[in-house]
Amino acid sequence: MIGSLKGTLAAREPDAILVETSGGTGYEVRVPPRVLAALPGVGEAVHLSIHTQVSQDAITLYGFTEAADRRVFRLVQSV
């Protein structure tokens, strides 16, 4: 499981970002609008708390700037 991600913001989309690590791997991360607005510009460093969701047909990463937001997301998902 991926629990955090640190790298360079490589691209932005309306509901997702691309984070490139120092090893050159790019991770697509889904983010809520509030997190997207708080992130720096493309080419800047980012550090996110990650929730990894594994299903039969996909592995999806959800990113949060605060670990507390990730905890709330996990709590809502468990209901």
Once rounded to the nearest 0.5 Å, what's the spacing between atom [atom1] of [X] and atom [atom2] of [Y]?
X     : Y     : atom1 : atom2 : value
Leu61 : Arg30 : CG    : CZ    : 11.0 Å
Leu39 : Arg34 : CG    : CZ    : 11.0 Å
His47 : Leu5  : NE2   : CG    : 8.0 Å
Leu9  : Glu20 : CG    : CD    : 10.5 Å
Ile2  : Leu48 : CD1   : CG    : 11.5 Å
Glu66 : Arg71 : CD    : CZ    : 9.5 Å

A side-chain contact here means heavy atoms from C-beta on lying under 4.5 Å apart; do Thr52 and Thr60 qualify?
no
Going by heavy atoms in the side chains, are Pro32 and Tyr62 under 4.5 Å from each other?
no
Leu18-Val29 co-clustered via ILVMFWY side chain contacts under 4.5 Å
no
Could you label the plane-to-plane angle of the Phe73 and His51 rings as parallel, tilted or perpendicular, counting under 30° as parallel and over 60° as perpendicular?
perpendicular
Under 3.5 Å: donor-acceptor pair, side chain of Arg70, backbone of Gly3:
yes
Give a yes or no on whether the backbone of Leu36 and the side-chain of Arg12 come within a donor-acceptor separation of less than 3.5 Å.
yes
If you compare all heavy atoms of Val35 against all heavy atoms of Phe64, which two are closest, and at what distance to 0.1 Å?
CG2-CA, 4.2 Å
